[in-house]
Amino acid sequence: MGKNPMHRAFDLLTGQWSIFLEQPVPIEVLNEERIANSLPSFGFFVLLITSTIIATFGLIANNTAVVIGAMIVAPLMNPILSMAYGISIASSLLIRRSLATLIIGTGVVVITAALITACMPVRVLGSEILARTSPNLIDLLVAIAAGIAGAFSLTRKRIASSIAGVAIAVALVPPLCVSGIGLTLDPEISARFARGVIRGLNHEVATGSFILFLANLIGITFAASLTFLSQSYGSIKRSWLALLAWLALIILICVPLNSSLRKFFLTKKIEMELSTIGANQQEPGTTNIKIAGIKQKMQIRYMYVNLKEDRAVLDLVLNVPEGILTEEKVASINRMLFESIKQFGIRQLDVDTRIVPSRVHQYRETLKQ
């Protein structure tokens, strides 16, 4: 039966566009592939160690591009997806193999990063390291989405190359590298802000970054297992017990992540409040202050919030034009912040404000006839 004129016109305009319904990879092929990737090879350790070296140096140098490159090279996603596949088909052998590979790989990354840091001690933390010390529920949701994408890409040949993008979305090696770096840090460390260094900033670097890794691991494994099951790889009747165990792990990891999410929203609220200081407001965290005809910016160089039940401890570093923030103005800012965060159940606020002053030098000269 011929197509109607509307269909013929659509085919003419779109070049006979249609959705291609690709068949899933045969279960025999996926079985062979996942079993092979559950066991480490010499190449696995070469890529793992080199990606750890790249990521560690990138984190220490605070170089985002280098850290992203390490994410692509890192091979840790493969044993995680093999373990998820083992859960879906209820293969205890595949699960044990993948888990052993993952534990050994995790140890290699942490130890390698710690050894590198021991050889060149880190005294100052950059934003790349600090960004991986406070995971929250958003990171878990990203890991779940990445687990779905990673598992689905393995079942379709045409999109198998998307696994590299998944590895970037959920960084597995960089958080472990930060954990290794954190093991060698002094209790009191410093942080770098632009050209300034502020000393005496205390962080739980190793713990926070390892929780981020665990959140990624648990989220990817659980979501990938469900994705495999949804495409008839395995049977939920045989894998329901393992799925319940991983669901329990998700609930368990949500406890620290939920606290961090509250901290995340609290931090954003404080940033928003600070951005309203002054008459001329441009962007969140930046206020223009006019001195001698020149608009200068007050910038939030660093902010760290630590929550202890109904008490918030705020570490704040501001880059302010010299002579602008007096003791009275700082006290006024602190009172304003306290009023704005009461809605989060905060009953006590402790603020440690460090001010990095900036000085403006004007020069003007006119060419005389």
Side-chain angles (χ1 to χ4, degrees), residues 25 29-59 64-88 91 93-116 132 139 142-143 145-157 159-181 209-210 212-225 227-228:
V25 173
V29 176
L30 193 57
N31 271 335
E32 183 180 351
E33 179 188 328
R34 288 301 94 202
I35 291 172
N37 283 281
S38 67
L39 295 173
S41 61
F42 178 73
F44 173 86
F45 286 111
V46 170
L47 289 179
L48 189 63
I49 293 173
T50 53
S51 66
T52 301
I53 295 171
I54 294 170
T56 304
F57 283 126
L59 290 164
T64 305
V66 174
V67 177
I68 292 175
M71 298 177 193
I72 300 175
V73 178
L76 276 183
M77 181 65 75
N78 266 322
I80 294 177
L81 291 176
S82 291
M83 183 166 60
Y85 183 73
I87 292 171
S88 67
S91 171
L93 179 63
L94 185 55
I95 294 172
R96 292 197 305 271
R97 282 180 176 178
S98 303
L99 189 58
T101 301
L102 190 59
I103 292 173
I104 294 170
T106 299
V108 168
V109 174
V110 173
I111 293 172
T112 303
L115 290 175
I116 293 173
R132 291 168 173 84
D139 296 298
V142 171
I148 295 172
F152 189 78
S153 67
L154 293 179
T155 65
R156 300 295 189 277
K157 289 184 178 180
I159 59 173
S161 59
S162 301
I163 195 70
V166 175
I168 295 176
V170 282
L172 294 167
V173 165
L176 288 176
C177 291
V178 174
S179 293
I181 293 172
S209 55
F210 195 73
L212 174 59
F213 169 75
L214 288 179
N216 287 337
L217 169 64
I218 295 170
I220 292 171
T221 303
F222 183 73
S225 300
T227 304
F228 286 129

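Here the structure is a predicted model, which is why all the values come from computation and not from measurement. FYI, the numbering just counts along the sequence from 1.
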Q: Taking the side chain as every heavy atom from C-beta outward, state whether Asn37 and Leu81 have any atom pair closer than 4.5 Å.
A: no
**Q.** Check against side chain to side chain contact (heavy atoms under 4.5 Å, CB included), Thr101 and Phe44
**A.** CA-CA 10 Å; Thr101 301; Phe44 173 86; 3.9 Å; yes
Q) Is there a donor-acceptor pair under 3.5 Å between the side chain of Thr155 and the backbone N or O of Phe152? A) yes
Q: Tell me, with the steps shown, if Leu172 and Ile80 meet side chain to side chain contact (heavy atoms under 4.5 Å, CB included).
A: CA-CA 10 Å; Leu172 294 167; Ile80 294 177; 3.7 Å; yes
**Q.** Residues Phe57, Val66; criterion side chain to side chain contact (heavy atoms under 4.5 Å, CB included); working and verdict
**A.** CA-CA 8 Å; Phe57 283 126; Val66 174; 5.6 Å; no
**Q.** Main-chain N/O of Arg34 paired to Ser82 side chain as donor or acceptor, under 3.5 Å
**A.** yes
Q) Just wondering, do Phe210 and Leu176 contact through their side chains at under 4.5 Å, heavy atoms? A) yes
Q.
Do Leu154 and Tyr85 make a side-chain contact, defined as non-hydrogen atoms from C-beta onward lying under 4.5 Å apart?
A. no
Q: List the atom of Thr227, the atom of Ile148, and the distance in Å for their closest heavy-atom pair.
A: OG1-CA, 3.4 Å
(Q) Between Phe45 and Ile104, is there a side-chain heavy-atom distance shorter than 4.5 Å? (A) yes
Q. Does a side-chain heavy-atom distance below 4.5 Å link Ser38 with Met83?
A. no
Q) Between the side chains of Ser209 and Ser179, is a donor N or O closer than 3.5 angstrom to an acceptor N or O? A) yes
(Q) Within the 4.5 Å heavy-atom criterion, are Ile220 and Met77 side-chain neighbours or not? (A) yes
Q: Would you indicate whether the side-chain heavy atoms of Leu217 and Leu102 approach each other to under 4.5 Å?
A: yes
Q | Donor-acceptor pair, side chain of Thr56 and main chain of Ile53, under 3.5 angstrom | A | no
Q: Kindly say whether Ala84 contributes a backbone atom to a donor-acceptor pair with the side chain of Ser225 at under 3.5 angstrom?
A: yes
Q. Under 3.5 Å, is there a donor-acceptor pair between the side chain of Ser153 and the main chain of Gly150?
A. yes
Q) Do Val173 and Phe213 have side-chain heavy atoms sitting under 4.5 Å apart? A) no
Q: Determine the minimum heavy-atom distance between Pro75 and Ser51, stating which atoms define it.
A: CD-OG, 4.4 Å
Q: Evaluate side chain to side chain contact (heavy atoms under 4.5 Å, CB included) for Leu48 paired with Val73, printing each intermediate quantity in order.
A: CA-CA 8 Å; Leu48 189 63; Val73 178; over 6 Å; no
